Structure formats: C-alpha cells, structure tokens
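Below, each value reflects all heavy atoms present in this structure, side chains not excepted, and no hydrogens, waters or symmetry copies. From a predicted model like this one, the values you see are computed outputs, not experimental measurements.
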Amino acid sequence: MAKSSSVLMLVLQLACIILAGFQTAFAADRQTAMSSGGGIIYNPDAPTFALPRDALDSHDIPFSNHSNNRPFGSYLQQTLDFTHFADLFKAINATVGTLQSRGEAHITVVSPPEYDRVLKPAGVTIEEIEDIARQCGLQSARLQPVCVGRFNGSLPHPMSEADNGTFLLYSLVVADVFGDLAGIRQEVFKLYRKKGGEGALFQPEGFWPHVTLGFDRRDLFIEDGIYKGSNYCYAPIHTTK
C-alpha cells in the first residue's frame, strides 16, 4: 500500500510538471499582456497604487488547511502574507474611509460553492484536493499583480432584501502567469471526472484569481454576478522594493 501511494504521488508530481509546461506555452503571452496592462480600461480619475514586489511570493508561507463540515466550510486557497497588503488597503481606504479588512490575504483556488455543490457530491474529498495542491506546489505558484479592481454599484439580481442597495468592493486582480493555479484546477477536474462527475458542472478555466482587499458590507462573488478579471480593473498598480 505504501509503495502504491508513493507511485501515485510521483505520477501526480510528474503530471503537475507536464501540465505546468503546457499551461506556460499556451497562457504566458495572454497573461503577460494582461499583467502589463494590455487591453485594460482604468477609471480616468483613479490614482495609481503601490504594492511590494514580493507581495505575491508565498513559497515560504505554510500551506493552510480549510476543511470544515459546516456548509461552505471547505475550500482551497493560496495563503499570502497580509503585511504586504496592509499599506495598499490603507491607501485605498484613505480615498473611501468606509472599508472593512479581514486582516488576512489569500487567493481562492477552489471555492466553497464549487466544492460543496459540485466536487463533494461526486465523491472528491477536500483532502484529495489538498494533496493535489501540495504536490503541485500551490504555495510556490508564480503570480503577477494586474490592477486594483473595484465594484461600486447594485447587484444585478439581489437574492434577498439584504442584497438591495449599493456595494463597494476592492480587490487586487492577479495574473496566473505560468498557469500554476490553473494547472491545479485541471488536476482536480481530472480527479472529478475519474469519479464520474459531470464535466459541464466544473469548469477548471472558470477562474479569476484575486486578493480581496476591502469592502463596505461584504465580499462579493461570481454567484452575485461579479467577475473579477481584467474587466474589474479600476486603478493601475505598480510594484516597489
């Protein structure tokens, strides 16, 4: 059993390496264009914000487990060091004055709804997802900042009275330059399909990496109708030492 497990881990590591190379070949040009501002439309009155150059480097930060039996309590994230984002939050909030911060920073790679509604019913466990993430080097994923994203408006389809009115949300939009995070999602998809999951329910490319910075009421998600790609860009970002 131990030998079989070791072989499985080796196969998974090789798959991650091969897939990362494939992702790099096909995604690098597109991601580089996005991270350099190609095709991005900023608000004309938006300031330029600063971010430490190593803010998205998490290779020395321990992997963080998020497994909980409560609804939407299990998910996969790349954990970041919030101290690198604290000044950015302060600079943004200085222009607004009403934002809340969670006091932590991360990039969600597999969301709670994806796990609870799609992966878990197919028999995929959060432990299996985390094993894939570890073997594929989640905490060493290579990322670049794209812009500061902002949503300032009403939700297109409020689900309750609590969703009425306007919301204000800021995030750092991120480019998965070499497809490292997308590669992890592809491996999760392979496992999901192997267990009989319906392919149309999980889209590994349906993924917009970002770091939530602050909000006035609550965070907003794709389930709210909010997409956080380059379309979400509000202000330029530049890196500092």
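Qualifying side chain to side chain contact (heavy atoms under 4.5 Å, CB included) partners for Arg134, counting only residues two or more places apart in sequence or in other chains: Phe63, Glu130, Asp131. With sequence neighbours left out, the side chain to side chain contact (heavy atoms under 4.5 Å, CB included) criterion links Phe89 to Asn93, Leu99, Ser101. Residues satisfying the side-chain hydrogen bond (donor to acceptor under 3.5 Å, both in side chains) criterion with Thr48, sequence neighbours excluded, are absent altogether.
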Residue pair Leu88, Tyr170: steps toward the side chain to side chain contact (heavy atoms under 4.5 Å, CB included) verdict
CA-CA 11 Å; Leu88 175 57; Tyr170 288 84; over 6 Å; no
Kindly indicate, with the supporting measurements, whether the criterion side-chain hydrogen bond (donor to acceptor under 3.5 Å, both in side chains) is fulfilled by Asp219 and Thr212.
CA-CA 8 Å; Asp219 199 357; Thr212 299; 3.1 Å; yes
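Neither Phe72 nor Ile126 shares a network with the other; the hydrophobic side chains, linked directly or stepwise wherever heavy atoms of I, L, V, M, F, W or Y lie under 4.5 Å apart, form separate groups for each.
There is no side-chain donor-acceptor pair under 3.5 Å between Ser67 and Asn65. No side-chain donor from either of Glu187 and Gln135 sits under 3.5 Å from a side-chain acceptor of the other. Judged purely by distance below 3.5 Å, without hydrogens or angles, the side chains of His66 and Ser64 pair a donor atom with an acceptor atom.
Contact detail for Val109 and Gln78: the closest heavy-atom pair is CG2-N, 4.1 Å.
Taking a 4.5 Å side-chain heavy-atom cut-off between Ile, Leu, Val, Met, Phe, Trp and Tyr, the cluster of Tyr75 contains only that residue. As a member of the Ile/Leu/Val/Met/Phe/Trp/Tyr network built from side-chain separations under 4.5 Å, Trp208 groups with Ile222, Tyr227.
Heavy-atom contacts from other residues, nucleotides or ligands closer than 6.0 Å to CG of Asn69 number 12 or fewer. Residue-environment remark: NZ (Lys195) exceeds the threshold of 12 foreign heavy atoms within 6.0 Å.
The list of side-chain hydrogen bond (donor to acceptor under 3.5 Å, both in side chains) pairs with a residue in residues 151-165, not counting sequence neighbours, reads Asp163-Arg218.
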